Amino acid sequence: TTRFATIDPQHVTDEALQPFARMLAAGKTVAFPTETVYGLGADATNPRALAAIFEAKGRPSDNPLIVHVAAMEDVAPLVKTVTPLARKLMAHFWPGPLTIILEKSPAVPDMVTAGLDTVALRMPAHPLARRLIALAGVPVAAPSANQSGRPSPTRGSHVVKDLEGRVDAIIDGGPCEVGLESTVVDATGSFPVILRPGGITREMLLMVVDHVAVDPALTKKDFGGGESVTAPRSPGMKYTHYAPKAPLILARSVQPAATTTEAAHVLITLALRHQKNEAAIGILCTDETAAILAEMPEAAKPPLLVVKSLGSTHRPEEMAANLFLRLREFDETPVSLIIAEALADNALGFALMNRLVKAAGNQWEEA
Ligand code: TXA
Ligand code: MG
């Protein structure tokens, strides 16, 4: 059975966290909130605890885990060397949604790194997560706390839905602020290489370093979401991911930078094409496009349409925070198909499109 607690992240007390910290130290699995998504934590130095993570999630064993630390000085024992680049990135972006890859030390079990000679490290900014890890007194391996292949959890209820009965504890600490997983960068060399786009954008990294590379597998027109010829260097990027229960397709616009009017037209054309008697069609789009859809005459639209918005294009952080939430909301609404608007892929849009394309299994359709 799974132990539960609800803890207000604004009023985190050691008394409330202590039982869960002790569980982590004793090799148990504990799901907890971070600023990105909920994580399923276990002692990163305990192979039996690590095995329980893979088991609970149904995660392939060749997909390595991120090790979470509470303080800068916790990094040194886990790595061969902290490169000058890593030092710089940690100083600027930790605590926060940046995961840093370095060569691992023998202290890190192979099960964490899936046999790679590198280890992924992150210091979360969430006060509950940081304090829990500090109290546990061990580095905490934590993948996203979802069933493998499902959208990442940004609410305690998402974790309950996916992992209740499969993990030892779940701490509900409210909604996750960022809503997308951390940016993963290789910092073994002299400039960062982005292996997974996320909350820390390429543009933000460029304010601190002169050059940023992007794993070629991510810059294909499928945003790393499909079967690119280049194998992604972040092993997790090759799997089907983030998928809602209904099939999802991306609406390809004629213009790369589509106007919202055109986007709305493409979405409706596809919805009409796919509508079948009785079954509703879902549309996932921006506030601006949703406003145009709302103004269209009913006769021009399929009778059963469920429109959900990610937020305004003027507030990409809001769209990022809503993405996985909306995908999971569609699971509660009977739709036969979800048609998603393709978004601008600059800054945070790069991470958003990466997740959307993966959720769609790289299925695109044009009007
Ligand atoms: O925001 C996050 O990073 C969340 C929260 C809980 O911290 N965690 C998370 O973990 O997203 P997970 O396991 O869902 O994703 C970890 C990603 C995978 O794509 C994995 O392949 C990659 O990091 N990764 C881990 N270790 C790696 C390594 N040594 N080299 C390359 N990629 C690595
Ligand atoms: Mg994940």
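Read the numbers this way: they start at 1 and go in the same order the structure lists the ligands and their atoms. Just so it is clear, the model here is predicted, and its values are computed rather than measured.
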- Provide the closest heavy-atom pair for A21 versus A136 in the form atom of the first, atom of the second, distance. CB-N, 3.6 Å

- Item | Proximal candidate to atom 25 (C) of ligand 1 [heavy atom criterion; set P64, P97, A142] | P64

- Task: Might you work through the salt bridge (charged side-chain N to carboxylate O under 4.0 Å, His left out) test for R355 and E181, ending with a clear yes or no?
- Result: CA-CA 10 Å; R355 305 304 192 275; E181 304 88 343; 2.8 Å; yes

- Message: Quick check: T118 and ligand 1, any N/O pair under 3.5 Å apart?
- Response: yes

- Query: Of the backbone atoms (N, CA, C, O) and the side-chain heavy atoms from C-beta on, which set of I101 has a member under 4.0 Å from an atom of ligand 1: side chain, backbone, both, or neither?
  - Reply: side chain

- Message: Under 4.0 Å, counting heavy atoms only: does H68 come that close to any atom of ligand 1?
- Response: yes

- Message: Taking the cut-offs as 6.0 angstrom to the six-membered ring centre and 45 degrees off its axis, would you call K308 and F330 a cation-pi pair?
- Response: yes

- Query: N/O/S atom of S144 under 2.8 Å from the Mg ion (ligand 2), yes or no?
  - Reply: yes

- Check: S182/T36 side-chain N/O donor and acceptor closer than 3.5 Å: no

- Item | Test side chain to side chain contact (heavy atoms under 4.5 Å, CB included) applied to K358 and N354, step by step | CA-CA 6 Å; K358 286 173 83 66; N354 171 270; 3.9 Å; yes

- Note on the structure: So the atoms of ligand 1 within less than 4.0 Å of a heavy atom of G39 turn out to be 6 (C)

- Note on the structure: In ligand 1, the atoms that come under 4.0 Å of a heavy atom of S182 are 1 (O), 2 (C), 3 (O)

- Query: E288 and S312: side-chain donor and acceptor closer than 3.5 Å?
  - Reply: yes

- Query: Quick one: do D331 and R326 make a salt bridge, cutoff under 4.0 Å?
  - Reply: no

- Examine N63 against ligand 1 and note whether any of their N/O atoms are separated by less than 3.5 Å. yes

- Message: Counting only heavy atoms closer than 4.0 Å, does ligand 1 sit against the backbone of R59, its side chain, both, or neither?
- Response: side chain

- Ligand-residue contact atoms, ligand 1 with S144, heavy atoms, under 4.0 Å: 8 (N), 9 (C), 10 (O), 12 (P), 14 (O)

- Task: Show which atoms of ligand 1 fall inside a sub-4.0 Å distance from at least one heavy-atom site of E181.
- Result: 1 (O), 2 (C), 11 (O)

- Take every heavy atom of L116, measure it against each atom of ligand 1, and state whether any distance is under 4.0 Å. yes

- If we only count N/O pairs under 3.5 Å, is T34 in contact with ligand 1? no

- Query: Any side-chain donor paired with an acceptor under 3.5 Å for H274 and E365?
  - Reply: yes

- Item | S309 side chain to D287 side chain, donor-acceptor N/O pair below 3.5 angstrom | yes

- State, without any angle test, whether T81 and E103 hold a side-chain donor-acceptor pair at a distance under 3.5 Å. no

- Which of the numbered atoms in ligand 1 are below 4.0 angstrom from a heavy atom of A120? 25 (C), 26 (N), 27 (C)

- Under 4.0 Å from any heavy atom of P143, which atoms of ligand 1 are there? 10 (O), 12 (P), 13 (O)

